[in-house]
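Right, one structure below, let's go through it.
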Amino acid sequence: MDIFFITLVFILAGMVKGVTGMGLPTVAIALLSLRMPPLEAAALLIVPSAVTNVWQLAAGPALYPLWQRFKWVMLAVCAGVTLAFLLGAASWSGAVLGLALAGYGLLGLTGWRLHVAPHNERWAGPLAGAATGVMAGVTGVFVMPVAPYLQALNLDKDDLVQALGMAFTVGTLALAVMLSLRGQWHVTAAGSSLLALVPSGIGMMLGQWLRDRMQPAVFRRCFFVALLALGVHQLARLVTG
């Protein structure tokens, strides 16, 4: 595997995270999957994703109240990851990843947002969590559909960022456990994942520098266009063989 390519991917993914506050696993897996299976790419993401998500989770002001509100969502994420592995759903990873990237790109470009009433959280939250867990277990990407779901609750900015950090952290840890049990996250993979922290950190610093020098809306639009293009490319590759 080309170390130079992997390094560039993690710098770019970290830069996106530095500008937008999210997107490191999504961008990294989307690009790495051009050269390797999505779950193999996800194994490289475990340490960088866990470190950045724990930081995002810990930086917020209301961890325990958010846990109380969203604990069933988080438990459903774990259940979904487990279910995906039990069903051997990794065989669908290419198609599911392509659809997820294209769908998330379109959703971001259109600006369409769900709205979930408080009385619907009891069933909608666990459903979104379970679907996110299955998606993560298949592709290694944690953003769909939990990110649109949390955005649909009209949380304030700090609570939204912390709730996303909680969901991504739980998903990363659940995925790490299942990959370990399947022998797909071992000492070598863990060491490579630890090394990936360096380019990810460099990318995040570049992204934070860039964030002060360009309009975030422009960057986000480019981000969603890129995800849409990667998703379409992934699907076209599967169709054409």
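- With hydrogens and angles disregarded, no donor-acceptor distance shorter than 3.5 Å links the side chain of T172 to the backbone of A50.
- Looking only at distances, a side-chain donor or acceptor of S193 sits under 3.5 Å from a matching main-chain atom of L44.
- Between F224 and Y104, the two ring planes are perpendicular [angle over 60°; tilted spans 30° to 60°].
- Scanning both residues, L155 and R69, for their nearest heavy atoms gives CD2-NH1, 3.2 Å.
- Just one residue in the list L173, V170, L83 forms a side-chain contact (heavy atoms from CB on, under 4.5 Å) with C78, and that residue is V170.
- Although no hydrogens or angles enter the test, the distance criterion places a donor-acceptor pair under 3.5 Å between the side chain of S33 and the main chain of A30.
- Residues L228 and A102 come closest through the heavy atom pair CD1-O, 3.6 Å.
- Nearest heavy-atom pair across G137 and L175 is CA-CD1, 4.4 Å.
- Closest approach of A163 and M74 over heavy atoms only: O-CE, 4.2 Å.
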Review point. Between T132 and M144, does a side-chain contact (heavy atoms from CB on, under 4.5 Å) hold up when you go through it step by step?
Key: CA-CA 6 Å; T132 298; M144 290 289 283; over 6 Å; no

Point to revise | CA sep, side-chain torsions, deciding dist, call: V198, T7, side-chain contact (heavy atoms from CB on, under 4.5 Å) | key: CA-CA 9 Å; V198 177; T7 301; over 6 Å; no

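- Contact between T169 and V54 at its shortest, heavy atoms only, is OG1-N, 3.6 Å.
- Here the closest non-hydrogen pair linking L24 and P48 is CD2-CB, 4.4 Å.
- Counting only distance, with no hydrogens or angles, the side chain of T110 and the backbone of L107 share a donor-acceptor pair below 3.5 Å.
- Residues L75 and L153 do not share a hydrophobic cluster, defined by chaining ILVMFWY side chains whose heavy atoms lie under 4.5 Å apart.
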